[in-house]
Amino acid sequence: DRPTELAEAQKEGFVPQKEIVYNALLPYTDRLDPEADALLAEIKANLSRAVLLRELWPGTAFWCRKLFSFLKLYGRRFSKDDHILFVKLLYKLVTLPNLEPYMMQTYARLLIQLLKKKELLSRDDLQLPWRPLYDLYEKVVYSKTEHLGLIWFPNSVDHILKALVKSCRLYFPASSTQEMLDEWRPQLCVFDVVMQKAISNMELFLPTILPVKEHGQGFQLWFDELMNLWLSVQNQPSWEGHLVNLFARLANDNIGYVDWTPYISTIFTRILRSLNLPVGVSRMVAPRYLTNSYDPGHLVLWITALLGGPGNPAQKELTCLFNSIASFYHPSNHGRWQARLMRLLQRLPASVVRRVHRERHAAPCWITLVPESQRLTDEDLREFTQSLLGAALLAMYSKTGSTDAAYALQNLALLTPELILPPVLEKTYVAMETLTEPHTLTATLSCMIGMARSLVSANNNYPEGRAHVVPLLMGSLPGVDPNDFSKCMITFQFIATFTTLVPLVDCSSAPSDHPELTEIERDLCFASAEFEDFVLQFLDRYMCMFVVHIWFGPGLVLVWSWFRPGSELV
């Protein structure tokens, strides 16, 4: 009964870090709290006992797995003090010397899970030394004995260690930046291959999320030096991508606290060069395998962090960038550069949406907020949307598919629906009336599915979008065609999406009972009378296709169309 007694003793004044909110909806929710308290007390008692007895296997590993299961079932349902103690204990276990790789991976995964919600623990609550983790990373990643067969590391150990460093670097002490620079500055030689190792270590370990008062001990120690190094080297070195990733992370974590204005023109020039597009009269193409290609995920973070501010200079460069590469999004212009361009188009609006949520809707926490002068305004969002609109509309009919363009248009519609929805609706109506180009209908319906929520939402700048629901549903009915499977499936998905968001209820009598309705709401109520016709026509087409394919077989589709009731031959 010891775990139960401990749970009862700790129950008073207990404030959980972060619970799983969905557990409150379970039918046995009243029994979850006592079970979670008893299990947590049991885990703490036995885990500490196993560590004191130095029983790493199976005791410590077993109770670490129990704690991992506890996190999945109940979330972080423990106090902040327990959270800090768990993190410190797991950090000590991970960095134990001569620990077996399998056990090190087990502890590392649990520690990553404990540090996943960075808003729960601030730098004042937790400090982790960087040197033990660096020694472990150096020993595993740059092992001198693995190639000799004297030790074996799992294939995933590199990824797990990098994820662990990314989770822990937030809590490195303020003095760690100077210590890291003293360690790696002697290796910064452009004529030596050790430069690659030094820059990759800086990208991985240097902390960038710091309070404003600690910026002098953080990125200000190395920013000018590394930026001048990046500007001075023009021969596309292999370590350039790591340096760009570090700059992108710095810009994203310190929006408004780093002056990028002198470098904006060079940044976008380097970005354009990294896309490796065929340019010039002779259409010179870069080598097939390049080492200077920047990671699109970090590129979009960098571009997103540069937007905003007085004058918004980065937006002007972004507009010029997409104006120069817009022709490469044309369906007839296809090459090996297409995948990178589509990833850039897909991820950039999503990154801007995340920044807008961070600035306007995210819950306040200890991490430094974006200054008011640097936050994105509605006018900034409109300029951003207009710069990407042409490329997104061209990418709808790309040979690689319309999925990337649909994601981009979906996020752009969340930002400025009044600019995105009208041109896409126009293309959709034209595609529905054209019988000879089914691929255009498939592409436009795929994009409309992504923008469905923005179209039917009343809380945006395009309230007239709801009036298009009924015409779109009626116009999509010819897409239920058994002769074109892809068009039929996308039509079903389109109908399912809109009928999930909009209830099919006849509200045509509502204006007489509610005279306070607005003119738009009255028109929507009258338009809902057509739902019955839509349902009947949809069921008729569906049953016709069902009978043809299930009972008569796909080979008799033409015969059924000749002899169905109502045809001239009957």
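Excluded from the calculations below are hydrogen atoms, water molecules and symmetry mates; all remaining heavy atoms, backbone and side chain alike, are included.
- Residues Ile43 and Phe70 approach most closely at CD1-CB, 4.0 Å, considering heavy atoms.
- Applying the salt bridge (Lys or Arg N to Asp or Glu O under 4.0 Å) rule to Lys80 yields the partners Asp125; only residues at least two apart in sequence or on another chain are considered.
- There is no side-chain donor-acceptor pair under 3.5 Å between Glu383 and Ser387.
- Using a distance-only test at 3.5 Å, with no hydrogens or angles considered, no donor-acceptor pair links the side chain of Asp404 to the main chain of Leu344.
- Asn276 contributes a side-chain N or O that, together with a main-chain N or O of Ser274, makes up a donor-acceptor pair within less than 3.5 Å.
- Put simply, the side chain of Val502 does not reach to within 4.5 Å of the side chain of Arg466, judged on heavy atoms.
- Between the Asn323 side chain and the Thr319 main chain, a donor and an acceptor come within less than 3.5 Å of each other.
- Side-chain atoms of Tyr397 and His330, non-hydrogen and from C-beta on, never get closer than 4.5 Å to each other.
- In this structure, the side chain of Gln374 does not engage the main chain of Pro371 through any donor-acceptor pair within 3.5 Å.
- Judged by distance alone, the side chain of Ser457 and the main-chain N or O of Ser454 form no donor-acceptor pair under 3.5 Å.
- For the atom pair Thr208 OG1 and Leu246 CG, the distance stands at 7.5 Å (nearest 0.5 Å).
- Shown here is His361, whose NE2 atom has more than 12 heavy atoms of other residues, nucleotides or ligands within 6.0 Å.
- Note that OG of Ser512 is 9.0 Å distant from CZ of Arg522, once rounded to the nearest 0.5 Å.
- Counting heavy atoms of neighbouring residues, nucleotides and ligands inside a 6.0 Å radius, atom CZ of Arg453 does not exceed 12 of them.
- For Thr304 and Arg355, the side-chain atoms include no donor-acceptor pair closer than 3.5 Å.
- When all heavy atoms are compared, the tightest approach of Val505 to Ser528 is O-CB, 3.5 Å.
- Inter-residue side-chain proximity for Asp37 and Tyr74 is flagged as unmet; no heavy-atom pair is nearer than 4.5 Å.
- Between the side chain of Arg65 and the main chain of Thr106, no donor-acceptor pair closer than 3.5 Å is present.
- Between the side chain of Arg169 and the main chain of Leu204, a donor-acceptor pair closer than 3.5 Å is present.
- Each of Leu164, Val165, Leu170 was scored for a side chain to side chain contact (heavy atoms under 4.5 Å, CB included) with Cys168, with one residue passing: Leu164.
- Of the possible donor and acceptor atoms, none in the side chain of Tyr542 sits under 3.5 Å from a partner among the backbone N and O of Val480.
- Side-chain contact between Pro278 and Phe328: present, with at least one pair of heavy atoms (C-beta onward) separated by less than 4.5 Å.
- Surrounding CD of Glu119 are more than 12 heavy atoms belonging to other residues, nucleotides or ligands, all under 6.0 Å away.
- A donor-acceptor distance shorter than 3.5 angstrom exists from the side chain of Arg375 to the backbone of Val370, with no hydrogens or angles considered.
- Heavy atoms from other residues, nucleotides or ligands lying under 6.0 Å from NZ of Lys66 number 12 at most.
- The two residues His298 and Asp295 have their closest heavy-atom pair at ND1-OD2, 2.8 Å.
- Phe78 and Leu40 make their closest contact through CB-CD2, 3.6 Å (heavy atoms, listed as atom of the first residue, atom of the second, distance).
- At least one side-chain heavy atom of Leu388 sits under 4.5 Å from a side-chain heavy atom of Phe322.
- Remark: Glu464 CD is packed, more than 12 non-hydrogen atoms of other residues, nucleotides or ligands lying under 6.0 Å away.
- Residues Phe538 and Phe492 form a side-chain contact, since some pair of their non-hydrogen atoms from C-beta on lies under 4.5 Å apart.
- Put simply, the side chain of Thr499 gets close to the backbone of Ile495: a donor and an acceptor are under 3.5 Å apart.
- Within 6.0 Å of atom CZ in Phe86, more than 12 heavy atoms from other residues, nucleotides or ligands are found, so the atom counts as buried in its surroundings.
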